[in-house]
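Taking it in order: structure first as C-alpha coordinates, then the write-up.
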There are 2 protein chains.
Amino acid sequence: MLDHRYRSQRAPINLSEAIIPGLCAGCGARHIGLCDALSDEDLHFLASVSRPLTVQKGQTFVVEGDAARSFFNINYGVAKLYKDMPDGRRQITGFVSAGDFVGLAADSCYAFSAEAIQEVRMCRFDRTELRNVFGRFPAIEQRLFDFASHELVVAQEQMLLLGRKTAVERLASFLDGWHHRLSHTEDSNSGRALPMTRADLADYLGLTIETVSRALSSLRKLGVISVAADHGVSVLQSTRLAEIAQAAGSSSAKIQPMA
Amino acid sequence: MLDHRYRSQRAPINLSEAIIPGLCAGCGARHIGLCDALSDEDLHFLASVSRPLTVQKGQTFVVEGDAARSFFNINYGVAKLYKDMPDGRRQITGFVSAGDFVGLAADSCYAFSAEAIQEVRMCRFDRTELRNVFGRFPAIEQRLFDFASHELVVAQEQMLLLGRKTAVERLASFLDGWHHRLSHTEDSNSGRALPMTRADLADYLGLTIETVSRALSSLRKLGVISVAADHGVSVLQSTRLAEIAQAAGSSSAKIQPMA
DNA sequence: TGTTTGCATTGATTCAAGTCAACTTCGAAG
DNA sequence: CTTCGAAGTTGACTTGAATCAATGCAAACA
(Lines give C-alpha, C1' and ligand atoms only; values in the text may rest on other atoms or scores of the structure.)
Protein backbone atom coordinates (compact mmCIF):
# COMPACT_ATOMS: atom_id res chain seq x y z
CA MET A 1 0.00 0.00 0.00
CA LEU A 2 2.91 2.24 0.65
CA ASP A 3 4.69 1.28 -2.50
CA HIS A 4 1.84 2.85 -4.35
CA ARG A 5 3.34 6.24 -3.88
CA TYR A 6 6.56 5.12 -5.48
CA ARG A 7 5.41 2.82 -8.20
CA SER A 8 2.03 3.56 -9.68
CA GLN A 9 2.17 7.29 -10.19
CA ARG A 10 1.00 7.85 -13.76
CA ALA A 11 1.65 11.20 -15.29
CA PRO A 12 -0.02 12.40 -18.46
CA ILE A 13 3.28 13.56 -19.91
CA ASN A 14 5.26 11.33 -22.20
CA LEU A 15 8.63 12.82 -22.97
CA SER A 16 10.67 11.08 -25.59
CA GLU A 17 14.13 9.79 -24.87
CA ALA A 18 15.45 11.97 -27.66
CA ILE A 19 14.52 15.06 -25.73
CA ILE A 20 15.64 13.99 -22.27
CA PRO A 21 18.36 11.35 -22.43
CA GLY A 22 18.05 10.64 -18.73
CA LEU A 23 14.38 9.82 -18.84
CA CYS A 24 13.02 6.77 -20.57
CA ALA A 25 10.41 6.88 -23.26
CA GLY A 26 7.03 5.65 -22.17
CA CYS A 27 7.35 6.59 -18.57
CA GLY A 28 8.44 10.16 -19.01
CA ALA A 29 9.68 11.76 -15.86
CA ARG A 30 7.25 10.14 -13.49
CA HIS A 31 9.85 7.94 -11.88
CA ILE A 32 11.72 10.83 -10.43
CA GLY A 33 8.61 12.67 -9.38
CA LEU A 34 8.22 15.15 -12.18
CA CYS A 35 4.64 15.15 -13.31
CA ASP A 36 4.06 18.72 -14.42
CA ALA A 37 4.95 20.14 -17.77
CA LEU A 38 8.58 21.13 -17.94
CA SER A 39 9.98 24.23 -19.60
CA ASP A 40 12.56 23.92 -22.37
CA GLU A 41 15.13 25.23 -19.96
CA ASP A 42 14.26 22.55 -17.42
CA LEU A 43 14.50 19.86 -20.08
CA HIS A 44 17.88 21.12 -21.14
CA PHE A 45 19.09 21.17 -17.57
CA LEU A 46 17.87 17.62 -16.89
CA ALA A 47 19.58 16.41 -20.03
CA SER A 48 22.82 17.99 -18.88
CA VAL A 49 22.95 16.27 -15.50
CA SER A 50 21.58 12.83 -16.39
CA ARG A 51 22.32 10.06 -18.85
CA PRO A 52 20.39 6.92 -19.81
CA LEU A 53 22.10 3.67 -18.95
CA THR A 54 21.29 0.06 -19.75
CA VAL A 55 23.03 -2.83 -18.03
CA GLN A 56 22.67 -6.49 -18.93
CA LYS A 57 21.71 -9.31 -16.62
CA GLY A 58 24.66 -10.25 -14.43
CA GLN A 59 26.43 -6.94 -14.92
CA THR A 60 27.64 -5.04 -11.86
CA PHE A 61 27.08 -1.29 -12.08
CA VAL A 62 27.95 -0.22 -8.54
CA VAL A 63 30.97 -1.55 -6.65
CA GLU A 64 31.19 -1.24 -2.87
CA GLY A 65 34.04 1.06 -1.91
CA ASP A 66 34.18 2.89 -5.24
CA ALA A 67 33.86 6.67 -5.22
CA ALA A 68 30.14 7.45 -5.21
CA ARG A 69 29.98 9.63 -8.31
CA SER A 70 26.59 8.56 -9.64
CA PHE A 71 23.07 8.29 -8.46
CA PHE A 72 20.53 6.09 -10.26
CA ASN A 73 16.83 5.92 -10.84
CA ILE A 74 15.58 2.58 -12.17
CA ASN A 75 13.18 2.57 -15.10
CA TYR A 76 12.90 -1.13 -15.98
CA GLY A 77 14.19 -4.39 -14.62
CA VAL A 78 15.38 -5.63 -11.25
CA ALA A 79 18.79 -5.31 -9.60
CA LYS A 80 20.17 -6.64 -6.34
CA LEU A 81 22.12 -4.55 -3.83
CA TYR A 82 24.59 -6.46 -1.68
CA LYS A 83 27.58 -6.43 0.63
CA ASP A 84 30.33 -9.04 0.55
CA MET A 85 32.67 -10.18 3.28
CA PRO A 86 36.32 -10.93 2.48
CA ASP A 87 35.74 -14.68 2.85
CA GLY A 88 32.87 -14.73 0.37
CA ARG A 89 29.87 -14.46 2.64
CA ARG A 90 27.29 -12.21 1.01
CA GLN A 91 24.25 -10.33 2.24
CA ILE A 92 21.80 -8.93 -0.27
CA THR A 93 20.32 -5.81 1.32
CA GLY A 94 17.55 -5.29 -1.17
CA PHE A 95 16.11 -5.68 -4.64
CA VAL A 96 15.34 -2.53 -6.60
CA SER A 97 12.98 -2.10 -9.53
CA ALA A 98 11.19 0.59 -11.54
CA GLY A 99 10.91 3.85 -9.66
CA ASP A 100 13.53 3.04 -7.05
CA PHE A 101 16.60 5.16 -6.39
CA VAL A 102 20.04 3.62 -6.01
CA GLY A 103 22.95 5.42 -4.44
CA LEU A 104 21.45 6.85 -1.29
CA ALA A 105 23.41 4.58 1.03
CA ALA A 106 26.68 6.26 0.13
CA ASP A 107 28.94 8.89 1.52
CA SER A 108 32.13 9.48 -0.41
CA CYS A 109 32.13 5.79 -1.33
CA TYR A 110 29.32 3.36 -2.06
CA ALA A 111 28.44 1.16 0.92
CA PHE A 112 27.15 -1.63 -1.33
CA SER A 113 27.47 -3.21 -4.74
CA ALA A 114 24.67 -3.44 -7.31
CA GLU A 115 24.16 -6.06 -10.01
CA ALA A 116 21.38 -6.41 -12.55
CA ILE A 117 19.47 -9.69 -12.28
CA GLN A 118 17.53 -8.78 -15.42
CA GLU A 119 18.27 -6.23 -18.10
CA VAL A 120 17.98 -2.94 -16.26
CA ARG A 121 17.39 0.48 -17.74
CA MET A 122 17.93 3.54 -15.61
CA CYS A 123 18.79 7.20 -15.43
CA ARG A 124 22.20 8.04 -14.06
CA PHE A 125 22.63 11.36 -12.31
CA ASP A 126 25.85 13.07 -11.40
CA ARG A 127 25.98 13.07 -7.62
CA THR A 128 27.74 16.44 -7.51
CA GLU A 129 24.76 17.93 -9.36
CA LEU A 130 22.25 16.56 -6.89
CA ARG A 131 22.03 19.82 -4.94
CA ASN A 132 21.41 21.71 -8.16
CA VAL A 133 18.71 19.27 -9.20
CA PHE A 134 17.07 19.65 -5.81
CA GLY A 135 17.25 23.41 -6.08
CA ARG A 136 15.50 23.40 -9.45
CA PHE A 137 13.04 20.61 -8.72
CA PRO A 138 12.03 20.57 -5.06
CA ALA A 139 9.59 17.79 -5.94
CA ILE A 140 12.52 15.48 -6.56
CA GLU A 141 14.07 16.28 -3.21
CA GLN A 142 10.80 15.59 -1.46
CA ARG A 143 10.31 12.38 -3.35
CA LEU A 144 13.82 11.25 -2.54
CA PHE A 145 13.27 12.06 1.11
CA ASP A 146 10.08 10.01 1.16
CA PHE A 147 11.88 7.19 -0.60
CA ALA A 148 14.70 7.24 1.96
CA SER A 149 12.19 7.19 4.83
CA HIS A 150 10.46 4.25 3.26
CA GLU A 151 13.75 2.43 2.75
CA LEU A 152 14.46 2.86 6.46
CA VAL A 153 11.11 1.28 7.33
CA VAL A 154 11.89 -1.63 5.02
CA ALA A 155 15.40 -1.97 6.43
CA GLN A 156 14.08 -2.21 9.99
CA GLU A 157 11.60 -4.83 8.88
CA GLN A 158 14.45 -6.77 7.29
CA MET A 159 16.51 -6.56 10.49
CA LEU A 160 13.62 -8.16 12.38
CA LEU A 161 13.50 -10.85 9.72
CA LEU A 162 17.22 -11.57 9.82
CA GLY A 163 17.58 -11.34 13.57
CA ARG A 164 14.51 -13.12 14.82
CA LYS A 165 12.52 -15.06 12.22
CA THR A 166 12.76 -18.74 11.32
CA ALA A 167 13.57 -19.94 7.81
CA VAL A 168 9.92 -20.53 6.88
CA GLU A 169 8.88 -17.16 8.33
CA ARG A 170 11.61 -15.44 6.31
CA LEU A 171 10.45 -17.06 3.08
CA ALA A 172 6.83 -16.24 3.86
CA SER A 173 7.74 -12.61 4.62
CA PHE A 174 9.66 -12.25 1.39
CA LEU A 175 6.97 -13.87 -0.77
CA ASP A 176 4.29 -11.78 0.91
CA GLY A 177 6.25 -8.61 0.27
CA TRP A 178 7.10 -9.52 -3.32
CA HIS A 179 3.48 -10.41 -3.96
CA HIS A 180 2.37 -6.96 -2.82
CA ARG A 181 5.13 -5.31 -4.79
CA LEU A 182 3.96 -7.05 -7.96
CA SER A 183 0.34 -6.17 -7.40
CA HIS A 184 1.27 -2.48 -7.38
CA THR A 185 3.25 -2.73 -10.56
CA GLU A 186 1.47 -2.85 -13.89
CA ASP A 187 2.30 -6.51 -14.60
CA SER A 188 0.31 -8.04 -11.78
CA ASN A 189 0.64 -11.57 -13.05
CA SER A 190 1.22 -13.02 -9.63
CA GLY A 191 1.86 -16.46 -11.05
CA ARG A 192 5.19 -15.42 -12.48
CA ALA A 193 8.57 -16.90 -11.76
CA LEU A 194 10.68 -14.83 -9.41
CA PRO A 195 13.44 -12.92 -11.20
CA MET A 196 16.04 -13.98 -8.62
CA THR A 197 17.69 -17.36 -8.15
CA ARG A 198 17.52 -19.47 -5.00
CA ALA A 199 21.06 -18.31 -4.25
CA ASP A 200 19.86 -14.69 -4.34
CA LEU A 201 16.98 -15.55 -2.03
CA ALA A 202 19.40 -17.27 0.36
CA ASP A 203 21.72 -14.27 0.38
CA TYR A 204 18.78 -11.94 0.93
CA LEU A 205 17.23 -13.99 3.74
CA GLY A 206 20.43 -14.95 5.54
CA LEU A 207 20.05 -18.64 4.72
CA THR A 208 21.62 -21.27 2.46
CA ILE A 209 20.09 -22.35 -0.85
CA GLU A 210 19.25 -25.74 0.66
CA THR A 211 17.31 -24.15 3.50
CA VAL A 212 15.48 -21.87 1.05
CA SER A 213 14.53 -24.92 -0.96
CA ARG A 214 13.32 -26.78 2.11
CA ALA A 215 11.32 -23.77 3.33
CA LEU A 216 9.66 -23.48 -0.08
CA SER A 217 8.79 -27.18 0.12
CA SER A 218 7.29 -26.66 3.57
CA LEU A 219 5.09 -23.82 2.34
CA ARG A 220 4.14 -25.87 -0.70
CA LYS A 221 3.16 -28.83 1.48
CA LEU A 222 1.05 -26.48 3.61
CA GLY A 223 -0.80 -25.51 0.45
CA VAL A 224 0.14 -21.85 0.83
CA ILE A 225 2.11 -21.61 -2.38
CA SER A 226 2.71 -23.72 -5.47
CA VAL A 227 6.02 -24.17 -7.24
CA ALA A 228 5.90 -24.53 -11.02
CA ALA A 229 8.15 -26.73 -13.14
CA ASP A 230 10.26 -23.66 -14.01
CA HIS A 231 10.59 -23.06 -10.23
CA GLY A 232 8.24 -20.10 -10.42
CA VAL A 233 6.34 -19.49 -7.19
CA SER A 234 2.63 -18.72 -7.04
CA VAL A 235 0.84 -17.60 -3.91
CA LEU A 236 -2.30 -19.65 -3.29
CA GLN A 237 -3.32 -18.33 0.15
CA SER A 238 -2.04 -14.80 0.64
CA THR A 239 -3.73 -14.31 4.00
CA ARG A 240 -2.25 -17.51 5.39
CA LEU A 241 1.13 -16.51 3.96
CA ALA A 242 1.00 -13.15 5.73
CA GLU A 243 0.05 -14.86 9.00
CA ILE A 244 3.05 -17.17 8.77
CA ALA A 245 5.27 -14.21 7.92
CA GLN A 246 4.22 -12.32 11.05
CA ALA A 247 3.98 -15.44 13.22
CA ALA A 248 0.38 -14.43 13.88
CA GLY A 249 -2.21 -17.07 14.72
CA SER A 250 0.41 -19.30 16.24
CA SER A 251 1.03 -17.66 19.58
CA SER A 252 -0.12 -14.04 19.51
CA ALA A 253 -3.66 -15.31 19.97
CA LYS A 254 -2.41 -17.41 22.85
CA ILE A 255 -5.24 -18.57 25.09
CA GLN A 256 -5.06 -16.89 28.46
CA PRO A 257 -5.10 -19.37 31.35
CA MET A 258 -8.11 -19.01 33.62
CA ALA A 259 -6.12 -18.73 36.85
CA MET B 1 34.74 9.11 11.10
CA LEU B 2 31.41 9.59 9.51
CA ASP B 3 29.68 10.21 12.76
CA HIS B 4 31.78 13.31 13.05
CA ARG B 5 29.44 15.18 10.82
CA TYR B 6 26.52 14.37 13.06
CA ARG B 7 28.02 14.52 16.49
CA SER B 8 30.86 16.92 16.90
CA GLN B 9 29.62 19.99 15.10
CA ARG B 10 30.17 22.85 17.53
CA ALA B 11 28.45 26.08 16.77
CA PRO B 12 29.37 29.37 18.41
CA ILE B 13 25.74 30.12 19.21
CA ASN B 14 24.28 29.18 22.54
CA LEU B 15 20.57 29.74 22.63
CA SER B 16 18.91 29.37 25.99
CA GLU B 17 16.06 26.96 26.52
CA ALA B 18 13.92 29.88 27.61
CA ILE B 19 14.13 31.39 24.16
CA ILE B 20 13.68 28.24 22.13
CA PRO B 21 11.87 25.56 24.10
CA GLY B 22 12.74 22.95 21.52
CA LEU B 23 16.46 23.48 21.74
CA CYS B 24 18.47 22.55 24.77
CA ALA B 25 20.70 24.96 26.63
CA GLY B 26 24.36 24.30 26.14
CA CYS B 27 24.09 22.81 22.71
CA GLY B 28 22.03 25.52 21.09
CA ALA B 29 20.65 24.53 17.75
CA ARG B 30 23.66 22.62 16.55
CA HIS B 31 21.95 19.27 16.79
CA ILE B 32 19.48 20.13 14.12
CA GLY B 33 22.02 21.81 11.92
CA LEU B 34 21.44 25.45 12.69
CA CYS B 35 24.76 27.14 13.16
CA ASP B 36 24.12 30.64 11.93
CA ALA B 37 22.58 33.45 13.88
CA LEU B 38 18.80 33.27 13.83
CA SER B 39 16.40 36.17 13.51
CA ASP B 40 13.78 36.82 16.17
CA GLU B 41 11.17 35.68 13.72
CA ASP B 42 13.03 32.41 13.15
CA LEU B 43 13.32 31.87 16.89
CA HIS B 44 9.63 32.44 17.35
CA PHE B 45 8.84 30.04 14.56
CA LEU B 46 11.08 27.32 15.97
CA ALA B 47 9.50 27.74 19.38
CA SER B 48 6.06 27.32 17.84
CA VAL B 49 6.80 24.00 16.15
CA SER B 50 9.01 22.31 18.74
CA ARG B 51 8.88 21.43 22.43
CA PRO B 52 11.52 20.12 24.83
CA LEU B 53 10.88 16.67 26.21
CA THR B 54 12.61 14.61 28.88
CA VAL B 55 11.91 10.92 29.34
CA GLN B 56 13.20 8.73 32.16
CA LYS B 57 15.11 5.48 31.82
CA GLY B 58 12.75 2.67 30.89
CA GLN B 59 10.09 5.00 29.52
CA THR B 60 8.67 4.36 26.05
CA PHE B 61 8.14 7.51 24.01
CA VAL B 62 7.33 6.05 20.59
CA VAL B 63 5.01 3.08 20.11
CA GLU B 64 5.03 1.08 16.89
CA GLY B 65 1.77 1.49 15.03
CA ASP B 66 0.82 4.77 16.69
CA ALA B 67 0.07 7.73 14.45
CA ALA B 68 3.41 9.37 13.64
CA ARG B 69 2.68 12.87 14.88
CA SER B 70 6.08 13.75 16.26
CA PHE B 71 9.63 13.86 15.13
CA PHE B 72 12.51 13.94 17.63
CA ASN B 73 16.05 15.16 17.86
CA ILE B 74 18.04 13.73 20.76
CA ASN B 75 20.09 16.09 22.91
CA TYR B 76 21.31 13.86 25.74
CA GLY B 77 21.11 10.20 26.66
CA VAL B 78 20.62 6.96 24.77
CA ALA B 79 17.42 5.31 23.57
CA LYS B 80 16.76 2.02 21.82
CA LEU B 81 14.54 1.62 18.77
CA TYR B 82 12.92 -1.79 18.35
CA LYS B 83 10.26 -3.90 16.73
CA ASP B 84 8.35 -6.64 18.55
CA MET B 85 6.68 -9.74 17.20
CA PRO B 86 3.32 -10.88 18.60
CA ASP B 87 4.95 -13.81 20.42
CA GLY B 88 7.47 -11.62 22.21
CA ARG B 89 10.49 -11.88 19.95
CA ARG B 90 12.18 -8.50 19.74
CA GLN B 91 14.67 -6.91 17.37
CA ILE B 92 16.41 -3.70 18.39
CA THR B 93 17.09 -1.82 15.16
CA GLY B 94 19.36 0.80 16.62
CA PHE B 95 20.54 2.90 19.53
CA VAL B 96 20.22 6.66 19.20
CA SER B 97 22.09 9.34 21.11
CA ALA B 98 22.85 13.07 21.01
CA GLY B 99 22.41 14.55 17.56
CA ASP B 100 20.35 11.69 16.16
CA PHE B 101 16.90 12.08 14.68
CA VAL B 102 14.06 9.73 15.58
CA GLY B 103 10.92 9.38 13.54
CA LEU B 104 12.25 9.08 10.02
CA ALA B 105 11.20 5.47 9.64
CA ALA B 106 7.55 6.33 9.69
CA ASP B 107 4.76 6.90 7.24
CA SER B 108 1.38 7.58 8.76
CA CYS B 109 2.34 5.28 11.64
CA TYR B 110 5.63 4.64 13.39
CA ALA B 111 7.36 1.48 12.17
CA PHE B 112 9.17 1.01 15.50
CA SER B 113 8.98 1.69 19.22
CA ALA B 114 11.48 3.77 21.16
CA GLU B 115 12.47 3.47 24.82
CA ALA B 116 14.99 5.46 26.83
CA ILE B 117 17.75 3.32 28.34
CA GLN B 118 19.08 6.37 30.17
CA GLU B 119 17.41 9.67 30.94
CA VAL B 120 16.93 11.22 27.51
CA ARG B 121 16.40 14.86 26.65
CA MET B 122 15.22 15.80 23.21
CA CYS B 123 13.38 18.27 21.00
CA ARG B 124 10.02 17.15 19.73
CA PHE B 125 8.83 18.55 16.42
CA ASP B 126 5.36 18.42 14.98
CA ARG B 127 5.58 16.20 11.94
CA THR B 128 2.95 18.19 10.06
CA GLU B 129 5.18 21.22 10.40
CA LEU B 130 8.20 19.46 8.96
CA ARG B 131 7.66 20.86 5.46
CA ASN B 132 7.40 24.36 6.89
CA VAL B 133 10.57 23.86 8.90
CA PHE B 134 12.36 22.66 5.79
CA GLY B 135 11.08 25.61 3.81
CA ARG B 136 12.42 28.06 6.37
CA PHE B 137 15.64 26.24 7.19
CA PRO B 138 16.97 24.36 4.16
CA ALA B 139 20.02 23.47 6.27
CA ILE B 140 17.82 21.23 8.40
CA GLU B 141 16.41 19.45 5.38
CA GLN B 142 19.91 18.84 4.06
CA ARG B 143 21.12 17.63 7.42
CA LEU B 144 18.17 15.30 7.76
CA PHE B 145 18.80 13.96 4.29
CA ASP B 146 22.43 13.28 5.14
CA PHE B 147 21.35 11.63 8.37
CA ALA B 148 18.88 9.39 6.53
CA SER B 149 21.56 8.38 4.01
CA HIS B 150 23.90 7.54 6.83
CA GLU B 151 21.21 5.52 8.60
CA LEU B 152 20.75 3.49 5.42
CA VAL B 153 24.47 2.72 5.32
CA VAL B 154 24.34 1.62 8.95
CA ALA B 155 21.20 -0.45 8.33
CA GLN B 156 22.85 -2.31 5.45
CA GLU B 157 25.85 -2.99 7.65
CA GLN B 158 23.52 -4.37 10.32
CA MET B 159 21.78 -6.61 7.79
CA LEU B 160 25.15 -8.13 6.92
CA LEU B 161 25.79 -8.63 10.62
CA LEU B 162 22.42 -10.28 11.29
CA GLY B 163 22.35 -12.37 8.15
CA ARG B 164 25.91 -13.61 7.88
CA LYS B 165 28.11 -13.03 10.92
CA THR B 166 28.82 -15.41 13.81
CA ALA B 167 28.06 -14.53 17.42
CA VAL B 168 31.63 -13.44 18.18
CA GLU B 169 31.82 -11.40 14.97
CA ARG B 170 28.56 -9.67 15.87
CA LEU B 171 29.81 -8.73 19.31
CA ALA B 172 33.11 -7.53 17.89
CA SER B 173 31.30 -5.45 15.27
CA PHE B 174 29.08 -3.86 17.86
CA LEU B 175 31.89 -3.10 20.30
CA ASP B 176 34.03 -1.71 17.50
CA GLY B 177 31.20 0.55 16.36
CA TRP B 178 30.34 1.69 19.87
CA HIS B 179 33.99 2.36 20.57
CA HIS B 180 34.19 4.66 17.54
CA ARG B 181 30.92 6.32 18.45
CA LEU B 182 32.23 7.14 21.89
CA SER B 183 35.51 8.50 20.59
CA HIS B 184 33.60 11.06 18.50
CA THR B 185 31.51 12.17 21.43
CA GLU B 186 32.99 14.48 24.02
CA ASP B 187 33.15 11.87 26.80
CA SER B 188 35.69 9.58 25.21
CA ASN B 189 36.22 7.50 28.32
CA SER B 190 36.39 4.25 26.41
CA GLY B 191 36.59 2.28 29.63
CA ARG B 192 32.99 2.99 30.45
CA ALA B 193 30.25 0.46 31.07
CA LEU B 194 27.84 0.13 28.18
CA PRO B 195 24.52 1.86 28.80
CA MET B 196 22.54 -1.16 27.56
CA THR B 197 21.94 -4.49 29.27
CA ARG B 198 22.99 -7.90 27.94
CA ALA B 199 19.35 -8.42 26.97
CA ASP B 200 19.48 -5.25 24.85
CA LEU B 201 22.68 -6.45 23.21
CA ALA B 202 21.07 -9.80 22.47
CA ASP B 203 18.01 -8.16 20.93
CA TYR B 204 20.23 -5.88 18.86
CA LEU B 205 22.53 -8.63 17.63
CA GLY B 206 19.89 -11.30 17.01
CA LEU B 207 21.23 -13.56 19.77
CA THR B 208 20.24 -14.72 23.27
CA ILE B 209 21.71 -13.23 26.45
CA GLU B 210 23.60 -16.46 27.09
CA THR B 211 25.26 -16.33 23.69
CA VAL B 212 26.15 -12.67 24.21
CA SER B 213 27.73 -13.58 27.53
CA ARG B 214 29.68 -16.44 25.98
CA ALA B 215 30.86 -14.27 23.07
CA LEU B 216 32.06 -11.62 25.53
CA SER B 217 33.94 -14.33 27.42
CA SER B 218 35.55 -15.50 24.18
CA LEU B 219 36.74 -12.00 23.35
CA ARG B 220 37.96 -11.56 26.91
CA LYS B 221 39.91 -14.81 26.77
CA LEU B 222 41.46 -13.64 23.50
CA GLY B 223 42.67 -10.56 25.34
CA VAL B 224 40.80 -8.23 23.00
CA ILE B 225 38.53 -6.76 25.65
CA SER B 226 38.26 -6.77 29.41
CA VAL B 227 35.07 -7.02 31.42
CA ALA B 228 34.95 -5.08 34.67
CA ALA B 229 33.24 -6.18 37.87
CA ASP B 230 30.28 -3.93 37.01
CA HIS B 231 30.12 -5.74 33.64
CA GLY B 232 31.52 -2.70 31.86
CA VAL B 233 33.47 -3.54 28.72
CA SER B 234 36.81 -2.01 27.79
CA VAL B 235 38.49 -2.43 24.45
CA LEU B 236 42.12 -3.51 24.85
CA GLN B 237 43.05 -4.21 21.21
CA SER B 238 40.90 -2.11 18.90
CA THR B 239 42.69 -3.20 15.72
CA ARG B 240 42.28 -6.87 16.57
CA LEU B 241 38.64 -6.22 17.45
CA ALA B 242 38.00 -4.62 14.06
CA GLU B 243 39.68 -7.55 12.32
CA ILE B 244 37.45 -10.03 14.09
CA ALA B 245 34.40 -7.89 13.28
CA GLN B 246 35.18 -7.94 9.55
CA ALA B 247 36.48 -11.52 9.56
CA ALA B 248 39.70 -10.14 8.11
CA GLY B 249 42.99 -11.92 8.70
CA SER B 250 41.21 -15.26 8.97
CA SER B 251 40.48 -16.04 5.37
CA SER B 252 40.56 -12.88 3.27
CA ALA B 253 44.33 -13.12 3.23
CA LYS B 254 43.98 -16.72 2.24
CA ILE B 255 47.19 -18.10 0.77
CA GLN B 256 46.80 -18.85 -2.89
CA PRO B 257 47.75 -22.44 -3.77
CA MET B 258 50.76 -22.66 -6.12
CA ALA B 259 49.07 -24.94 -8.69
C1' DT C 1 20.79 -37.16 -29.80
C1' DG C 2 23.58 -37.44 -26.17
C1' DT C 3 26.39 -34.52 -23.19
C1' DT C 4 27.39 -30.82 -20.46
C1' DT C 5 26.28 -27.42 -17.20
C1' DG C 6 23.85 -24.58 -14.06
C1' DC C 7 20.04 -24.65 -10.86
C1' DA C 8 17.18 -26.83 -7.76
C1' DT C 9 15.64 -30.45 -4.60
C1' DT C 10 16.18 -33.95 -1.08
C1' DG C 11 18.56 -36.82 2.39
C1' DA C 12 22.19 -37.69 6.05
C1' DT C 13 25.06 -35.73 9.26
C1' DT C 14 27.27 -31.90 11.87
C1' DC C 15 27.54 -27.83 14.47
C1' DA C 16 26.65 -23.09 16.24
C1' DA C 17 23.46 -21.12 18.82
C1' DG C 18 19.23 -21.84 21.61
C1' DT C 19 17.14 -23.77 25.71
C1' DC C 20 17.06 -25.19 30.34
C1' DA C 21 19.09 -24.93 34.67
C1' DA C 22 22.37 -23.86 38.39
C1' DC C 23 24.95 -20.50 40.48
C1' DT C 24 27.15 -15.79 41.42
C1' DT C 25 27.18 -11.02 42.29
C1' DC C 26 25.55 -6.82 43.65
C1' DG C 27 22.54 -3.30 45.01
C1' DA C 28 18.17 -2.11 47.18
C1' DA C 29 14.63 -2.96 50.69
C1' DG C 30 13.37 -4.46 55.05
C1' DC D 1 22.85 -7.65 58.69
C1' DT D 2 19.80 -10.33 56.09
C1' DT D 3 16.81 -11.06 52.37
C1' DC D 4 15.40 -10.45 47.94
C1' DG D 5 15.48 -9.81 43.08
C1' DA D 6 17.51 -8.34 38.88
C1' DA D 7 21.36 -9.08 35.92
C1' DG D 8 25.01 -11.83 34.45
C1' DT D 9 27.84 -16.07 33.84
C1' DT D 10 28.61 -20.86 33.02
C1' DG D 11 27.48 -25.76 32.12
C1' DA D 12 24.67 -29.64 30.04
C1' DC D 13 21.80 -30.77 26.54
C1' DT D 14 18.76 -29.86 22.37
C1' DT D 15 17.68 -28.16 17.98
C1' DG D 16 17.23 -25.57 13.63
C1' DA D 17 19.90 -24.51 10.05
C1' DA D 18 24.45 -25.46 7.79
C1' DT D 19 27.22 -28.64 5.55
C1' DC D 20 28.18 -32.51 2.78
C1' DA D 21 26.56 -35.45 -0.70
C1' DA D 22 23.54 -37.46 -4.17
C1' DT D 23 20.12 -36.86 -7.58
C1' DG D 24 16.79 -34.49 -10.81
C1' DC D 25 15.95 -31.59 -14.60
C1' DA D 26 15.88 -28.62 -18.35
C1' DA D 27 18.28 -25.39 -21.41
C1' DA D 28 22.53 -24.87 -24.17
C1' DC D 29 25.62 -27.07 -26.99
C1' DA D 30 28.41 -30.19 -29.78
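Chain naming here is simple, since letters A, B, ... match the order of the sequence lines and numbering starts at 1 in each.
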Rounded to the Å, how far apart are [X] [atom1] and [N] [atom2]?
X         : N       : atom1 : atom2 : answer
Leu216(B) : dA7(D)  : CG    : P     : 17 Å
Met196(B) : dG8(D)  : CE    : P     : 12 Å
Ile225(B) : dT9(D)  : CD1   : C1'   : 13 Å
Leu201(B) : dA17(C) : CG    : C1'   : 16 Å
Arg89(B)  : dG16(D) : CZ    : C1'   : 13 Å
Leu194(B) : dA7(D)  : CG    : C1'   : 14 Å
Arg164(A) : dA17(D) : CZ    : C1'   : 16 Å
Leu219(A) : dT10(C) : CG    : P     : 13 Å

Provide a list of protein-nucleic acid N or O atom pairs under 3.5 angstrom, restricted to nucleotides 20-27 of chain C.
| from | atom 1 | to | atom 2 | distance (Å) |
| --- | --- | --- | --- | --- |
| dC20(C) | N4 | Glu210(B) | OE2 | 3.1 |

Kindly say if [X] contacts the phosphate of [N], meaning a side-chain N or O under 4.0 Å from OP1 or OP2.
X         : N       : answer
Thr166(A) : dG16(D) : no
Thr197(B) : dA7(D)  : no
Arg220(A) : dA8(C)  : no
Thr211(B) : dG18(C) : yes

Side chains of residues 58-71 of chain A: which donor-acceptor partners sit under 3.5 Å, not counting sequence neighbours?
| from | atom 1 | to | atom 2 | distance (Å) |
| --- | --- | --- | --- | --- |
| Gln59(A) | OE1 | Gln56(A) | N | 2.9 |
| Glu64(A) | OE2 | Lys83(A) | NZ | 3.3 |

| Which heavy-atom pair separates Ala148(B) from Ala148(A) by the least distance, and what is that distance? | CB-CB, 4.3 Å
| said: Salt bridge or not between Arg181(A) and Asp100(A)? Use side-chain N to carboxylate O under 4.0 Å. | reply: yes
| task | Among dT9(C), dA17(C), dA18(D), find the nucleotide with the atom closest to the side chain of Leu207(B). | result | dA17(C)
| Of all the choices, dT10(D), dA18(D), dA17(D), which nucleotide is nearest to the side chain of Thr208(A) once you look at every atom? | dA18(D)
| Measuring from Met196(A):CE to Gln118(A):CD, what's the distance to the nearest 0.5 Å? | 8.5 Å
| request: Any chance you could measure Asp107(A), atom CG, to His150(B), atom NE2, to the nearest 0.5 Å? | output: 6.0 Å
| message | Using a heavy-atom cut-off of 4.0 Å across all strands, would you classify Ile209(A) as base, sugar-phosphate, or nothing? | response | nothing
| said: Please compare Val227(B) and Gly206(A) by the position of their nearest nucleotide in DNA chain D and report the one closer to 5'. | reply: Val227(B)
| task | Indicate yes or no: at least one non-hydrogen side-chain atom of Arg90(B) is less than 4.5 angstrom from one of Lys80(B). | result | yes
| 4.5 Å side-chain heavy-atom contact, Asp203(B) and Tyr82(B) | no
| said: Taking the nucleotide of DNA chain C with the nearest heavy atom to each, does Lys165(B) or Arg198(A) sit closer to the 5' end? | reply: Arg198(A)
